[in-house]
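Small disclaimer: the values here were computed from a predicted structure and weren't measured. Counting starts at 1 for both ligands and their atoms, in listed order.
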Amino acid sequence: MAEATQNIDALMAEERRYPPDPEFAAQANTPADFYDQDPDTFWEREGRERISWFKPFDTLKQWDRPYAKWYLGGKLNVCYNCVDRHVENGQGDKVAYHWEGEPADDRLDITYADLQSRVVRAANGFKQLGIGKGTKVCVYMGMIPEAPVTLLALARLGAPFTFVFGGFSADSLGGRIVDMGCEYLITQDAANRRGTASALKPIADEAMSKSPNLKSCLVVRRTGTEIDMTEGRDQWWHDVVDGQSDDASSCPCEEMDSEDMFFLMYSSGTTGKPKGIVHTTAGYLTGVSTTHHYVFDIKPETVYWCAADIGWITGHSYIVFGPLCNATTSVMYEGLPDFPDKDRWWEIIERYKVNVLYTAPTSIRTHMKWGAEYAERHDLSSLKVLGSVGEPINPEAWVWYRDTIGGGKTPVVDTWWQTETGMIMVTPTPGLTTLKPGSATQPFPGVMAAAYDEQGKAIPAGSGAGYMVIKEPWPAMFRGLYNDDDRFRETYWSRFPDAYLAGDGARVDEDGDFWLMGRIDDVMNVSGHRLSTIEVESALVDHPDVAQAAVVSRSDPTTGQAIVAYVTLRGDQQGSPEKLIELRDHVGKVIGPIAKPANIVFADTLPMTRSGKIMRRLLKDVAENRALGDTTTLADPAVVQEIKARADAEASKED
Ligand code: WTA
């Protein structure tokens, strides 16, 4: 905590203030008394008005700590709310997605009516394969139209799913398939990545070979890359789906209970094994659609772009379910921001006259590094609101975002939330909040956030940093960890008896505004992606040459944090540049390329306490190039000095 506090002191010196623009405020979705509402009245009203129920709920919530239930007794279907009802309400011609493929000119406007046809055909195809209410399905795809179509079709059938980010390895994918007990996998041949095809199906094949419950695999042809199809198990999407009926009545939406499991999203925790975060149906949908409406000030004509990947919670909540529930027109982009050139995003914004852009600080900092000239080539005057998510945003990036991308006029909403929270929790609303670069400002109505001290008392506003906690349940709150009640209670509910422990440090200033300071546990945040130190350590020691590994993160000007690994090799092997590449690739293979360490330092031994624990704190000091902290509990203090000398020598070589 001490170290995070040093950073926050610098941040709190930030004195720029941006009150809402009166013209914007006058047209904003938020009423003047937005923050004065009674939470239960607010969520009751949003639940009744934002969702079309097959059967209305009779009880708003039930709180049996640590388990919450919301909208009890209600029956609904997410796909009906996101697609069918908009077509029935005469919005069939409205564009749901301006889909933009990576290859230039590969574009598709998908209206709500088109989306319904595609979803109904897919759902009929899935049914033919044997997928029905309660069947568990894994989805492993990139940003292609079939990704949202698949999720909506599964929602239509009432089949719970887990969507695995396309950058994960066979081991990571297989682990999730087995943990959830998935019987089906839906994937694609390969994904477009900077002009080349990056194969997904071979990774899926390897994952499936270790997943005994898996019955069949459906494959979308995206790139035409040659892949193996296993007879009797694998089928092409176009063979199964294309010939199906697209008449909505041929595949009615299943009636689901408010509390039926909707999906699992696996996320890194503080141990090696990712945890299956459980989201249910009605609370999740209400939470994401409500926050989407107010935080981004969504109007019927808004063109909105969340430039995340559907494989993360941000994509689930704010590319698929929130925006579609609100009948919003979104942009969805398949590729990378620098293909074919570094102005691709700005070209897309100009073409579709995008009003809202939602992205991560890492992307903003990357664009800053590339230079303003790429944005200046394009007319970005359509932008009205800019959003940030996934990591703390430094004031410099915040101001660059507002000035260079937003023309010095757009509000920037820094939204703090987590896979566990399902929805945005602490955020400005652009028509009401005075913005401060670097602060996520205010809890959303009905979110009871606080910073607790060590004793579990709320730290008074303006007087120090503490543990970010939430004291009352909220609708999109996760309903536990899949098949792991013990870990759920231990991770989130054991530190304080009366509050959810988020795992972040936070400070509340004199105005009651929140400043999030990053993780205070063994979770790293690299480019807005969550990874656990122990997961990366396990991947390293899985290599036959590695005896021991310790992983920490250091600050990085672009990616927020970067991974540094300290490794001892077996026998008398010496580290070498080739070994370094080999180990990085190995981590990439075990977890996925996002987990590759930025640096690997080879050491003869790692600093251990007398009780045999690796002293990560000291390694972090080395990684951050700081003076070494207290070494008195070390078994052999010379070890860490030796590592520091090696790390310094490496660093001077790089200079
Ligand atoms: C971090 C992503 C500071 C935080 C939606 C949290 C943030 C973790 C912010 C969750 C923000 C997310 N300011 N930190 N605006 N948003 N974080 O589960 O450490 O992938 O605990 O969810 O990201 O990451 P996750």
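Of the N and O atoms on the side chains of Y358 and T314, not one donor lies less than 3.5 Å from an acceptor on the other residue.
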Q: Go through D484 and K275 one step at a time and tell me if the salt bridge (charged side-chain N to carboxylate O under 4.0 Å, His left out) criterion holds.
A: CA-CA 8 Å; D484 208 343; K275 41 197 185 189; over 6 Å; no
Between ligand 1 and the protein, find all N/O pairs closer than 3.5 Å and give the distance for each.
unit_1: ligand 1; atom_1: 13 (N); unit_2: E391; atom_2: O; d: 3.4
unit_1: ligand 1; atom_1: 14 (N); unit_2: P392; atom_2: N; d: 3.4
unit_1: ligand 1; atom_1: 15 (N); unit_2: D414; atom_2: OD1; d: 2.7
unit_1: ligand 1; atom_1: 15 (N); unit_2: T415; atom_2: O; d: 2.8
unit_1: ligand 1; atom_1: 16 (N); unit_2: G390; atom_2: N; d: 3.1
unit_1: ligand 1; atom_1: 17 (N); unit_2: G390; atom_2: O; d: 3.3
unit_1: ligand 1; atom_1: 18 (O); unit_2: T419; atom_2: N; d: 2.8
unit_1: ligand 1; atom_1: 18 (O); unit_2: T419; atom_2: OG1; d: 2.5
unit_1: ligand 1; atom_1: 18 (O); unit_2: R530; atom_2: NH1; d: 2.6
unit_1: ligand 1; atom_1: 19 (O); unit_2: D504; atom_2: OD1; d: 3.0
unit_1: ligand 1; atom_1: 19 (O); unit_2: D504; atom_2: OD2; d: 2.9
unit_1: ligand 1; atom_1: 21 (O); unit_2: Q418; atom_2: NE2; d: 2.9
unit_1: ligand 1; atom_1: 21 (O); unit_2: D504; atom_2: OD1; d: 2.9
unit_1: ligand 1; atom_1: 21 (O); unit_2: D504; atom_2: OD2; d: 3.2
unit_1: ligand 1; atom_1: 21 (O); unit_2: R519; atom_2: NH1; d: 2.8
unit_1: ligand 1; atom_1: 22 (O); unit_2: T419; atom_2: N; d: 3.4
unit_1: ligand 1; atom_1: 23 (O); unit_2: G390; atom_2: O; d: 3.1
unit_1: ligand 1; atom_1: 23 (O); unit_2: N525; atom_2: ND2; d: 3.4

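For R176 and F168, the positive end sits near the middle of the six-membered ring, less than 6.0 Å away and at most 45° from its axis.
In terms of heavy atoms, T150 sits closest to M141 at OG1-CE, 3.6 Å.
Side-chain atoms of T410 never come within 3.5 Å of backbone atoms of L386 as a donor-acceptor pair (strictly under, hydrogens ignored).
Every side chain to side chain contact (heavy atoms under 4.5 Å, CB included) that M261 has, sequence neighbours left out, goes to P160, M180, L264, V278, Y482.
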